[in-house]
Amino acid sequence: MSDPRRSLPGVDSLLASAEFRPLLAGHPRSRVIRATRAVLDALRGEMGESAQPALPEDYAGYARRVADLLIILDRPSLRDVVNATGVVLHTNLGRAPLSRSARAAMLRAGEGYSNLEFDLEAGVRGSRYVHCVDLLREITGAPDALVVNNNAAAVVLAINTMAQGREVLVSRGELVEIGGGFRIPDMISRSGATLREVGTTNRTRLSDYRKAAEDRAAAAILKVHRSNFRISGFTEEATVSQLAELARELKLPLFHDLGSGLLADPGVLGLPEEPRAPDSLRNGAHAVAISGDKLLGGPQAGIILGRTEIVARMRENPLTRAFRVDKVTLAGLEATLRHYLDPQEALREIPALRMISTPPEELESRSRAIARALGDTALEVRVVEGDGAVGGGTYPEVPLPGWTLRIRVPGVSSQETALRLRSGEPPIVARREDEEVVLDIRTVDPTDDETLVAALRGLSPPSSDTLSHRQTSGLQDRAE
Ligand SMILES: *Cc1c(COP(=O)(O)O)cnc(C)c1O
């Protein structure tokens, strides 16, 4: 018997065919060749595995498969997804979605030139570090501010500036890992300083810091907000005010790594109290660091707020050049900060704050409307109470009470259903619980509700597409 693999057409004859002409008209030749090779490779693989491989019947069949693959290859790597997880600051999904005016400002900054580092009055070189400073001072009361790439960079910059070659005092209860590899002990050593552990995991007293500073090797005190976990029970920690007093006595700077960047009133958001940068500074911290894309609700950035002298030293540190913030980020951050001049506007315009404070009734009625729109399908849909989360390593264990859609496709596992939702355009990311797919629309823009309905309708009736989907993703794996 002849090897059926022989019956595959060659790349050259496919490319020369009339059926492939439209593909070559629409895509660079090299790309069509690449996709054609990938399709043929995949078919060859299938032929190896199956006694009766389903080969395309004609050149038009090959052209369709290549066209399907080209669609996948032409898709950007970074794609829009619908976040139906109910986790507002989902780090894996890009943290804070941006306000309309932040988006517009970023587009403008990207489109043309700007006075990024140019003094328009004097007509000479200016500094990119002047942008956002006045707004940050006005909103937080901080004497000075410095914006860098992210909070991790802010911490490295601060430690390096304050304590290179010397010791940093940190409570053993604050030697945390925030996520994405941000571990305080590693950051301190990479910043060129030495960690001096103070106290114990659950209890660290002011006297512990004092004792640790006795030998005069310490150059700074670092307080770290635990962000993504809690310790409870037999615990004790020194407050910022207490540490500030000790810092004054010992003539050491006190740096507070806060992270969350909450500037809004947590009560209005329905959240418990959380240390905020202005409080920290008022209580005597010399400088604090916050993230731009956590509860502040802006683009990825690290913001150092603090006393003029210490911020000036950080600004002059050569590392600032390595951590320098991009113009598009500065534009988005400035527009986001501007919302905070009017706290009502901040709640209305900043998507993360709006999503956190969405009333449960609104989530229930939107979920019920989606369920109704699926009434004529074979899907089993339940609308039940369920909690969202703030996410981004903030407010661990604080539920955001709301409502969820729970969906089951008869005869299809929840795993398969979730995969199909992720494979759509746009991909929809949901949670799975037991045998149901759980969608929390807190994090879905209401204008996307229809997209969600269309995608969910597409799950029913159970289609026989699953196999061909697998084939396509297999092709992609091979091609990429
Ligand atoms: C989130 C967080 C960081 C890291 O901030 P990025 O902006 O993600 O770099 C550092 N410290 C604390 C306390 C945090 O919560």
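Just follow the structure's listing: the first ligand is 1, and inside any ligand the first atom is 1.
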As a quick check of understanding, evaluate side-chain hydrogen bond (donor to acceptor under 3.5 Å, both in side chains) for His286 and Glu309, giving each step before the final call. CA-CA 9 Å; His286 293 72; Glu309 183 270 337; over 6 Å; no

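Partner of Leu400 under the side chain to side chain contact (heavy atoms under 4.5 Å, CB included) criterion, out of Leu271, Asp387, Thr358: Leu271 alone. Screening Arg307, Arg137, Arg315 for a salt bridge (charged side-chain N to carboxylate O under 4.0 Å, His left out) with Asp144, the sole residue that qualifies is Arg315.
Between Arg205 and Glu236, at least one side-chain nitrogen of the basic residue sits less than 4.0 Å from a carboxylate oxygen of the acidic one, meeting the salt-bridge criterion. Ion pairing between Arg368 and Glu364 holds under the 4.0 Å rule for side-chain N and carboxylate O. With respect to Arg432 and Glu436, no salt bridge is recorded, no charged nitrogen being found less than 4.0 Å from a carboxylate O.
Annotation: ligand 1 has protein neighbours Arg95, Asn150, Asn151, Ala152, Ile178, Phe182, His225, Ser227, Asp257, Leu258, Gly259, Ser291, Lys294, each with a heavy atom less than 4.0 angstrom from the ligand.
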